[in-house]
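Chain letters run A, B, ... following the sequence lines, proteins first, then strands; residues in each count from 1.
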There are 2 protein chains.
Amino acid sequence: MMKYKELGLKLTPQRLSILSCLEGNRDHPTAEDIYRKVSKKFPTMSLATVYNTLETLKRHGKLASITIDPDKKHFDPNLEKHHHLICSSCKKIADIHIDFDLAVPREATQGFQITGSQVEFYGICPECRKKSGR
Amino acid sequence: MMKYKELGLKLTPQRLSILSCLEGNRDHPTAEDIYRKVSKKFPTMSLATVYNTLETLKRHGKLASITIDPDKKHFDPNLEKHHHLICSSCKKIADIHIDFDLAVPREATQGFQITGSQVEFYGICPECRKKSGR
DNA sequence: GTACGTGCAAAGGTTTTGCATTACA
DNA sequence: TGTAATGCAAAACCTTTGCACGTAC
């Protein structure tokens, strides 16, 4: 676990449980997902605390958020550059660790200063393919 | 304008005004944006009608929706394959018409059947760069 | 005439906020 | 002890839905 104290963050039990839930998590959970998981061991946990903590982590660059599901925000503790693949049917999100060449020629930037990029792939996951008969 | 009648869609005045608002629109408007614009000429227009119409157009493949702004859905009548560039500051969305090679080797698909892809670029638009002193 | 669209209001779902209480440091 | 986090409830948004009425075809 990283040094959260150095960021001026107080290490409350609630935060520790949220952090341990995020640690190595590759499921791209929503706030609600994290709340459900953490509530089991920590029945007094408030959903607002989850949102607050996630927002704080984001502000400190310890957490990324993913805008790929139109219905809710997903979070991703994996800070390595990577891309996502979402199942159009069940909305499951998988990682794709491929480094694409996404250079944009200056004349196509329309004056924007480009700071980052992200590829989203859409598809059908193995489970949903089975269910629908491929 | 395309043949909406052939799709079994009734051409009401409300729909015609929404359609004309979308025609050639490269602003990636939200439902609210469209509602505001159309309401001026059509004060009785309901926001629900805008949502319903947009959903209907989407279902018939006449309109795409964009999941790039975490706060609200944007719509795009431009059905050509293209990518987007969003200003992290003002959330303005611009188009990028570049054809990237986004082939994913089979062993990286994790069993997904990939049906599409989309690149999102993040940056700062010219106006926001000026405001913040570059 | 009938099926579909409209408009209003209400509901649903996600995320944020205000505020008193609690607890880390 | 002082500052920041928690937890609850309420509010703020965006989006969807139910239903009575109206209208395109």
K.L.:
Could you please name the option among D/dG2, C/dA9, C/dT6 that lies closest to any side-chain atom of B/Ala48?
P.N.:
C/dA9
K.L.:
Taking atom P of C/dT16 as reference, at what distance in whole Å does atom CD of A/Glu55 sit?
P.N.:
6 Å
K.L.:
Please check the phosphate of D/dC8 (OP1 and OP2 only) for any side-chain N or O of A/Ser46 closer than 4.0 Å.
P.N.:
no
K.L.:
Would you call A/Leu63 and A/Leu22 a side-chain contact if the rule is heavy atoms closer than 4.5 Å?
P.N.:
yes
K.L.:
Measure from the side-chain heavy atoms of A/Lys10 and tell me the nearest of D/dC25, D/dG7, D/dA5.
P.N.:
D/dA5
K.L.:
Kindly indicate, with the supporting measurements, whether the criterion side-chain contact (heavy atoms from CB on, under 4.5 Å) is fulfilled by B/Ser17 and B/Met45.
P.N.:
CA-CA 10 Å; B/Ser17 69; B/Met45 171 72 64; 3.8 Å; yes
K.L.:
Relative to the 5' end of DNA chain C, which residue comes earlier, B/Thr56 or A/Glu32, by the nucleotide with the nearest heavy atom?
P.N.:
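Final value for this comparison: B/Thr56.
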K.L.:
At under 4.0 Å between heavy atoms, what does A/Pro13 touch on the DNA or RNA strands: base, sugar-phosphate, or nothing?
P.N.:
sugar-phosphate
K.L.:
What are the two closest heavy atoms between A/Asp33 and A/Thr30, and how far apart are they?
P.N.:
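Heavy atoms of A/Asp33 and A/Thr30 come nearest at OD2-N, 2.8 Å.
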K.L.:
Tell me the interatomic distance from A/Leu19, atom CG, to D/dA5, atom P, rounded to whole angstroms.
P.N.:
13 Å
K.L.:
Could you tell me if the side chain of B/Asp76 sits less than 4.5 Å from the side chain of B/Asp95, heavy atoms only?
P.N.:
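Result yes, sub-4.5 Å side-chain heavy-atom pair found.
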K.L.:
Given atom CE of B/Met45 and atom P of C/dT6, what is their separation to the nearest angstrom?
P.N.:
7 Å
K.L.:
Taking A/His74 as the fixed residue, which of A/Ile86, A/Asp69, A/Thr67 is the one that meets the side chain to side chain contact (heavy atoms under 4.5 Å, CB included) rule?
P.N.:
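Going through A/Ile86, A/Asp69, A/Thr67 one by one, the side chain to side chain contact (heavy atoms under 4.5 Å, CB included) with A/His74 is satisfied by A/Asp69 alone.
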K.L.:
Report for the helix from C/dG1-D/dC25 to C/dA25-D/dT1: angle between first-end and last-end helix axes, five pairs each, rounded to 10 degrees.
P.N.:
40°
K.L.:
Can you measure A/Leu11 atom CG to D/dT6 atom C1' for me and round it to whole angstrom units?
P.N.:
15 Å
K.L.:
Atom CG of B/Leu16 to atom P of D/dA24: distance rounded to whole Å?
P.N.:
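So the CG-P distance, B/Leu16 to D/dA24, works out to 10 Å.
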K.L.:
Distance check: side-chain N/O of A/Thr12 vs OP1/OP2 of C/dC24, anything under 4.0 Å?
P.N.:
no
K.L.:
Closest to the A/Leu47 side chain: D/dC25, C/dT15, D/dT6?
P.N.:
C/dT15
K.L.:
Do the side-chain N or O atoms of A/Thr44 get closer than 4.0 angstrom to the phosphate oxygens (OP1, OP2) of C/dT22?
P.N.:
no
K.L.:
What is the distance, to the nearest angstrom, from the CG atom on A/Asn52 to the P atom on D/dA9?
P.N.:
16 Å
K.L.:
Figure out the CD1/P separation between B/Ile66 and D/dC14, and round it to whole Å.
P.N.:
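Spelled out: CD1 on B/Ile66 to P on D/dC14 is 17 Å.
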K.L.:
What's the verdict on ring-ring contact (aromatic ring centres under 6.0 Å, His included) for B/His83 and B/His97, showing C-alpha distance, side-chain angles and the deciding distance?
P.N.:
CA-CA 6 Å; B/His83 306 287; B/His97 282 273; 8.8 Å; no
K.L.:
Hey, can you tell me if B/Phe121 and B/Phe100 have their rings parallel, tilted or perpendicular (30° and 60° cut-offs)?
P.N.:
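Ring orientation, 0 to 90° scale: tilted.
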K.L.:
Quick one: on DNA chain C, does B/Asp71 or B/Arg15 contact a more 5' nucleotide (nearest heavy atom)?
P.N.:
B/Arg15
K.L.:
OP1 or OP2 of D/dT16 less than 4.0 angstrom from a side-chain nitrogen or oxygen of B/Lys73, does that happen here?
P.N.:
yes
K.L.:
Strictly below 4.0 Å, N to O, side chains only: are A/Arg36 and A/Glu32 in salt-bridge contact?
P.N.:
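Yes.
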K.L.:
Can you see if the side chain of A/Gln14 gets near the phosphate of D/dG7 - specifically, an N or O under 4.0 Å from OP1 or OP2?
P.N.:
yes
K.L.:
CG of B/Asp69 versus C1' of D/dC14: gap in Å, rounded?
P.N.:
11 Å
K.L.:
Counting only side-chain N and O atoms of A/Tyr51, is one of them less than 4.0 Å from OP1 or OP2 of C/dT16?
P.N.:
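No, outside the criterion.
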